[in-house]
Amino acid sequence: MALSPLTRRRLENFRANRRGYWSLWIFATLFVVTLFAEFIANDRPLVAKVEGRWYVPVLADYAESDILPDGLPTSVDWYDRGFLEEFRDAGGWAVWPLIPYAYNTIVRDLGQPAPSPPSARNWLGTDDQARDVLARVIYGFRISVLFGFTLTIVSSVIGIAAGAVQGFYGGLTDLLFQRFIEIWRGMPELYLLIILGSIITPGFWVLLGFLLLFSWMGLTGVVRAEFLRGRNFDYVRAARALGVSDARVMFRHILPNAMVATLTFLPFILSGSVVILTSLDFLGFGLPPGSPSLGELVNQGKNNLQAPWLAFTAFIVLGTMLSLLTFIGEAVRDAFDPRKLPGGAQAAAPLAEQVPNPATILPDQAHGGSATPTGAGTA
């Protein structure tokens with residue numbers, strides 16, 4: 001499929017911003033890797049074989065009796081010494097993940113009180129509940145980005161639709177919608193979340209639905225302004241005069257122009273969504289206790305000042321994630337900037353904006369007279 005010249009120019013401008021371009025690749029790589037967190041950090045083997053039978057513990061929960069004839073009908077604990085001895089005596093072997101701990105695995109035989117410092121066994125140490133920090137960072141990064149993506153996409157769809165209706169119809173519709181947004185925006189979101197948390201246990205979807213009630217207003221103003229401007233264009237008036245439906249005019253003719261300004265905000269909205277989840281987890285109003293959370297890691301760093309690796313890890317992970325998203329947002333903004341030429345160069349300003357340098361204006365010009373070229377005689 002051939003790309004239009006405009007799309008090619010935007011891609012070239014995006015690549016010209018080297019910082020944003022490489023940030024996109026780094027962020028995408030980290031995100032794709034964490035999507036397979038169970039295959040990287042898990043307290044179950046990837047594959048196991050005993051007595052000629054193959055097992056995939058990372059994908060299925062086996063009972064001991066499924067693996068060993070004399071095993072118990074309970075779920076396998078792959079760190080149980082008795083089971084491992086019988087497993088090896090039967091000629092069994094297993095392939096373990098790179099990090100043999102899940103986000104909720106209690107690391108045994110640390111040899112010192114938790115939290116323990118980084119070591120060859122636990123690369124980033126353990127937290128105050130003897131859980132591997134690196135495993136929790138991998139799972140926490142994934143859930144934070146997935147939460148941010150989901151919240152950003154759904155809230156943007158709702159906000160764009162609301163702003164489109166406001167700007168397209170205007171008048172009383174716009175006035176009533178604006179008053180509603182002003183009232184709704186003034187609701188005490190944190191207090192309502194505290195009340196909700198006292199009634200039900202907030203989970204991923206409950207928390208997402210609650211934050212969605214307030215986050216959809218982020219793009220409404222931008223889209224509303226674009227639709228207020230675009231509905232007066234000649235081609236829009238002509239389409240309406242020809243009997244084209246309002247929905248088709250809004251989403252076929254005006255929305256593509258409004259999306260140019262909207263898309264530049266999405267990376268920053270995504271970073272804001274990640275910060276919201278981290279903040280709520282830090283305050284204890286986010287995901288259920290025990291969930292892999294970057295905010296919970298920040299809270300542990302605050303409560304365990306004698307274990308600085310917890311705070312350093314949380315700071316580096318969050319700082320890197322938000323910096324990458326910010327750099328990507330800057331590159332997207334440059335890509336959709338109409339003043340950017342291919343390659344990232346700045347286009348010349350329109351003739352009306354080319355104001356001459358006052359130092360180059362001759363005295364006669366400054367007083368409104370005609371300028372005499374230097375070295376020329378007078379008639």
Side-chain angles (χ1 to χ4, degrees), residues 26-27 30-31 33-34 37-44 77-81 84 96-148 190-191 193-194 197-198 201-204 207 271-326:
I26 294 172
F27 181 82
L30 293 175
F31 178 57
V33 168
T34 56
E38 287 80 6
F39 298 90
I40 301 173
N42 208 323
D43 55 3
R44 299 179 180 181
D77 181 3
W78 289 92
Y79 279 94
D80 181 69
R81 293 181 178 179
L84 289 179
W96 286 83
L98 181 63
I99 304 170
Y101 307 106
Y103 68 89
N104 56 353
T105 303
I106 304 299
V107 182
R108 305 170 187 176
D109 303 328
L110 284 175
Q112 56 184 312
S116 62
S119 63
R121 184 182 179 189
N122 306 107
W123 298 347
L124 295 180
T126 61
D127 60 11
D128 57 7
Q129 299 183 37
R131 298 171 299 191
D132 187 76
V133 174
L134 181 55
R136 292 187 65 79
V137 165
I138 294 174
Y139 283 87
F141 185 95
R142 180 178 67 176
I143 197 171
S144 297
V145 176
L146 288 176
F147 184 90
L190 181 58
Y191 292 153
L193 183 59
I194 294 174
S198 63
T201 301
F204 182 93
L207 198 60
S271 62
S273 301
V274 173
V275 170
I276 289 175
L277 179 63
T278 303
S279 303
L280 293 177
D281 288 334
F282 174 77
L283 297 174
F285 302 114
L287 298 175
S291 301
S293 167
L294 299 179
E296 192 260 350
L297 183 60
V298 175
N299 191 32
Q300 289 212 17
K302 178 183 72 71
N303 296 331
N304 298 277
L305 298 179
Q306 79 282 2
W309 58 88
L310 297 176
F312 288 155
T313 301
F315 172 77
I316 292 173
V317 172
L318 285 173
T320 301
M321 182 195 304
L322 298 179
S323 297
L324 291 175
L325 291 175
T326 301

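Bear in mind that the values here come from a model prediction, so they are computed numbers and not experimental data.
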Only residue of L124, T278, T313 satisfying side chain to side chain contact (heavy atoms under 4.5 Å, CB included) with L297 is T313
Backbone N or O of Y103 within a donor-acceptor pair of the R136 side chain at under 3.5 Å? yes
Interatomic distance, CZ@R108 vs CZ@R81, rounded to 0.5 Å, equals 9.0 Å
One should read off an interatomic distance between D128 CG and L310 CG, to the nearest 0.5 angstrom, of 7.5 Å
Q | Under 3.5 Å: donor-acceptor pair, side chain of S291, backbone of S293 | A | no
On a heavy-atom basis, the closest approach of L98 and P100 is O-CD, 3.7 Å
Smallest heavy-atom separation, W309 atom then T126 atom, equals NE1-O, 3.5 Å
(message) Between D109 and R121, does any side-chain N to carboxylate O distance fall below 4.0 Å?
(response) no
*May I ask you to decide if L294's main-chain N or O and D281's side chain share a donor-acceptor pair within less than 3.5 Å?*
no
Problem set entry | Validation row: R142, P292 side chains within 4.5 angstrom (heavy atoms) | no
Contact check, side chains of R131 and Q300, non-hydrogen atoms, under 4.5 Å: yes
**Request:** Applying side chain to side chain contact (heavy atoms under 4.5 Å, CB included), run through N122 and V107 and close with a yes or a no.
**Result:** CA-CA 9 Å; N122 306 107; V107 182; 3.9 Å; yes
One should read off an interatomic distance between Y139 OH and T34 OG1, to the nearest 0.5 angstrom, of 11.0 Å
In short, D132 meets W123 closest at the heavy-atom pair OD1-N, 4.4 Å
- Query: Which of parallel (below 30°), tilted (30 to 60°) and perpendicular (above 60°) describes F141 and F27?
  - Reply: tilted
For P97 and R44, the nearest pair of non-hydrogen atoms, with its separation, is CD-O, 3.4 Å
Minimum side-chain heavy-atom gap L146-F31 below 4.5 Å:
yes
Rounded to the nearest 0.5 Å, the CG atom of L324 sits from the CG atom of L30 at a distance of 7.0 Å
Heavy-atom closest pair (S116 atom, L110 atom, distance to 0.1 Å) is OG-CD2, 3.8 Å
Interatomic distance, CG@N304 vs CG@D127, rounded to 0.5 Å, equals 8.5 Å
Here the gap from L287 atom CG to L280 atom CG, rounded to the nearest 0.5 Å, amounts to 9.0 Å
Heavy atoms of I138 and A41 approach each other most closely as CD1-CB, 4.5 Å
